[in-house]
Amino acid sequence: MAVQLRAAHRPGRALAALALAAAGGLLAAATVGSGPAGAAGTTLRDLAEAKGSYFGTALTQSNLNSSTITAIAGTQFDVVTPGNEMKWDTTEPSAGNFNFGPGDQIVSFAKAHSMRVRGHTLVWHSQLPNWVSSLPTSQVKAAMENHITTEATHYKGQVYSWDVVNEPFNEDGTLRTDAFTNAMGSGYIADALRTARAADPNAKLYLNDYNIEGLGAKSDAMYQLVSSLKQQGVPIDGVGFESHFIVGQVPSSLKANIQRFTALGVNVAITELDDRMPVPASAANLAQQATDYAYVVNSCLAVTGCVGVSQWGVGDPDSWIPDFFSGYGAATMYDDNYQPKAAYNAVVTALGGSSSPSPSVSASPSSSASPSVPPTGAACKVSTQVSAWNTGLTENVTITNTGGSAVNGWTLAFALPGGQSVTNAWNATVSPATGQVGASNLSYNAAIPAGGSTTFGFQANHTGNAAAASGFTLNGVACAAG
Ligand code: XIL
């Protein structure tokens with residue numbers, strides 16, 4: 001049954017699924033679930049699995065009440081991390097009283113949709129009930145071990161991995177002071193890992209933290225810790241890079257950092273990816289977000305031992321970002337209406353898929369009946385024409401839609417050569433003025449029909465390099481030169 005459900009989500013089989021659903025009603029839920037699946041042709045999970053990877057999401061108990069969220073989660077993602085339901089304040093709110101109901105619901109959803117579960121998290125300074133922090137230090141070790149043993153035993157065989165310890169470090173790489181370090185010093189981490197291994201020998205055991213994605217003091221500290229745990233023979237299988245990024249600020253050392261951890265003999269997972277920006281989101285930031293997402297996925301795919309990527313949440317409305325980072329949002333691949341954004345298309349492309357519907361797919365009744373084909377993303381060709389003088393230039397850029405369907409609303413992202421700075425533009429808004437730039441349509445030229453073209457241009461200052469812009473992506477999809 002699980003296999004049939006998965007197959008039903010492949011657009012190529014959608015008609016068969018519809019027929020089956022009509023015949024028996026059995027697959028009706030699955031067919032509804034394939035509605036907002038995203039780009040025609042395939043899903044993030046199918047593409048990731050074809051590359052030996054996975055694409056995960058986080059889900060909370062309340063998310064399970066939204067048919068929109070569950071439909072996307074069950075079709076696009078193959079790993080789920082409970083957003084809050086396996087944290088200490090939920091699972092053991094008072095000493096020795098365990099509550100696994102909410103976590104069990106997430107596990108049931110995962111099973112029903114053939115998804116693996118990342119258990120999150122056994123030991124963390126946050127979302128820790130007061131009774132633990134109020135214990136005499138002499139009792140914390142026993143409380144921690146009992147918590148780990150009881151929870152990991154309850155979920156034994158049902159979780160693929162555990163974030164055994166979450167966020168142990170300060171920004172400067174020193175160990176965070178909390179109930180656990182107060183009671184046990186740095187030794188609590190090895191003790192937690194050993195206790196988890198004893199309870200569920202088959203779960204992959206992770207340490208998870210944020211701001212360790214690039215090289216720096218905090219990731220150096222994690223690196224030293226993992227290296228020393230390995231030397232002591234403490235069970236550790238992986239490191240989670242949370243990856244709560246700000247648009248345009250994904251560390252350029254991400255891949256090198258993944259590589260050095262995997263060289264220690266542990267896996268790396270991107271565990272909580274999002275990429276926030278000031279809201280309302282600008283077209284340029286949404287284009288940059290597509291670049292960022294593709295960069296993260298490509299960095300993981302490039303390193304054997306980086307096992308997969310999980311986004312933190314399904315779409316912008318259920319993301320934690322607006323509640324925790326005032327003025328920021330739009331951090332996920334799905335917009336306020338759960339339509340795929342340019343970042344989604346960019347990830348599809350990074351995973352080796354095609355984000356433009358093929359003519360045969362878009363002609364099929366199943367796909368044209370679906371509201372899910374994203375308006376963004378298309379095959380494209382870009383040509384440029386520069387007229388330069390000693391300190392300035394004008395450049396006209398022609399975009400040709402070489403895909404099989406119209407583009408409605410576009411952002412063309414590209415790189416300006418160093419020293420060039422845009423002073424004004426026509427037929428598009430262009431920002432920022434330098435570096436990685438996004439040009440977005442105006443109201444009158446939003447549509448580019450299949451096979452059609454549109455031209456915009458800009459004037460720029462330069463300091464000697466009057467070369468044309470390069471590296472064009474249309475709504476996150478790379479364009480051919482021409
Ligand atoms: C967040 C949840 O998304 C919120 O709902 C909750 O209020 C706070 O925690 N790092 C982690 C996650 O490891 O557990 C956090 O999740 C986000 C930051």
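Order of appearance sets the numbers: ligands from 1, and atoms from 1 within every ligand.
- Salt-bridge annotation for K51 and D46: absent, with no side-chain N of the basic residue lying under 4.0 Å from a carboxylate O of the acidic one.
- Aromatic rings of Y210 and F241 (six-membered ring for Trp) have centroids beyond the 6.0 Å cut-off, not under it.
- Cation-pi geometry between R276 and F325 is satisfied (NZ or CZ under 6.0 Å from the ring centre, within 45° of the ring normal).
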Could you walk me through whether T81 and W312 satisfy the side-chain contact (heavy atoms from CB on, under 4.5 Å) test, starting with their C-alpha distance in whole Å, then the side-chain angles of each, then the deciding distance to 0.1 Å, before giving a yes or no? CA-CA 8 Å; T81 307; W312 200 245; 3.6 Å; yes
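- Residues F100 and F98 bring their aromatic ring centres within 6.0 Å.
- Ordered by chain and residue number, the residues placing a heavy atom less than 4.0 Å from ligand 1 are N84, K87, H120, W124, Q127, N166, E167, E242, H244, E272, W312, W320, F324.
- Between W131 and W88, the ring-plane angle classifies as perpendicular under the 30° and 60° cut-offs.
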